[in-house]
Amino acid sequence: MIVVYDGDCGLCERSRRVVESLDWLGAFTWIKSQDPAAAPLHVDPSRVWAIDGPRRWSGYAAWRQILLRLPAFYVLSAALALLPLLALLPVFDPLGERLYTWVAHNRHRLPGPTCSIPEK
């Protein structure tokens with residue numbers, strides 16, 4: 001799976017590093033939205049994207065796909081009585097997308113380097 005993210009965003013970079021440390025199976029290839037390799041993918045650089053062949057997800061849906069491909073997420077879910085896994089059920093999509101949008105719009109206020117993508 002290819003993940004396109006804002007490489008100039010501190011939150012995005014930290015998220016990538018955490019997922020990479022938990023990606024025991026090497027399931028992800030990470031591409032910064034600023035990288036010329038991202039141009040042919042035609043994605044909105046203000047959102048994270050998960051691309052698996054012809055299937056594409058952005059925002060919260062992309063993070064759900066990422067988490068579902070991490071064995072460590074299942075171990076954590078089992079340790080916490082499946083609560084993290086249950087939070088990824090489709091019934092929670094509207095709430096998850098609202099949370100993703102809030103974080104994306106407020107990431108300039110969070111610690112870390114300033115994002116290259118202008119605040120909306």
Side-chain angles (χ1 to χ4, degrees):
M1 173 176 279
I2 296 170
V3 180
V4 181
Y5 71 104
D6 181 359
D8 289 340
C9 171
L11 176 62
C12 300
E13 256 319 310
R14 284 190 304 276
S15 299
R16 178 196 56 79
R17 285 194 305 267
V18 168
V19 170
E20 276 189 330
S21 70
L22 300 173
D23 184 14
W24 306 331
L25 303 177
F28 305 103
T29 299
W30 295 81
I31 300 174
K32 296 178 181 183
S33 59
Q34 296 82 1
D35 189 316
L41 299 173
H42 305 290
V43 297
D44 175 357
S46 69
R47 296 177 64 84
V48 67
W49 287 83
I51 303 169
D52 188 13
R55 297 177 297 183
R56 301 161 76 95
W57 301 271
S58 72
Y60 170 74
W63 277 110
R64 179 178 22 175
Q65 293 301 317
I66 292 166
L67 290 174
L68 289 173
R69 285 169 172 75
L70 288 176
F73 181 72
Y74 292 94
V75 172
L76 175 68
S77 292
L80 297 175
L82 299 179
L83 291 177
L85 189 59
L86 293 175
L88 295 182
L89 290 173
V91 70
F92 293 106
D93 284 357
L95 178 62
E97 188 57 36
R98 277 193 291 257
L99 177 63
Y100 175 86
T101 300
W102 184 88
V103 169
H105 286 178
N106 291 284
R107 65 186 178 164
H108 296 84
R109 297 180 188 154
L110 300 173
T114 304
C115 298
S116 64
I117 297 172
E119 189 172 357
K120 290 184 179 181

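Just so you know, these numbers come straight off a predicted model, no measurement behind them. Side-chain atoms are counted along with the backbone in the values below, which use heavy atoms only and exclude waters and symmetry mates.
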Heavy-atom donor-acceptor pair, [X] side chain to [Y] backbone, under 3.5 Å:
X: Trp49; Y: Arg56; answer: no
X: Arg69; Y: Leu25; answer: no
X: Tyr100; Y: Ala62; answer: no

Does a side-chain heavy-atom distance below 4.5 Å link [X] with [Y]?
X: Tyr60; Y: Leu99; result: no
X: Trp63; Y: Val48; result: yes
X: Val3; Y: Val19; result: no
X: Ser15; Y: Leu11; result: yes
X: Gln34; Y: Asp8; result: yes
X: Trp57; Y: Arg64; result: no

Electrostatic pair Glu20-Arg17, nearest N-O below 4.0 angstrom: no
Any link between [X] and [Y] through a network of hydrophobic side chains (Ile, Leu, Val, Met, Phe, Trp, Tyr) touching at under 4.5 Å?
X: Met1; Y: Val4; result: no
X: Ile2; Y: Val43; result: yes
X: Leu67; Y: Phe28; result: yes
X: Tyr5; Y: Leu68; result: yes

Ignoring hydrogens, what is the shortest heavy-atom contact between [X] and [Y]? Give both atom names and the distance.
X: Lys32; Y: Ala38; value: O-CB, 3.6 Å
X: Pro71; Y: Leu22; value: CD-O, 4.5 Å
X: Pro94; Y: Pro90; value: CD-O, 4.2 Å
X: Cys12; Y: Asp6; value: CB-O, 3.2 Å

CH2 (Trp30) and CG (Asp35) are apart, to the nearest 0.5 Å, by 14.5 Å
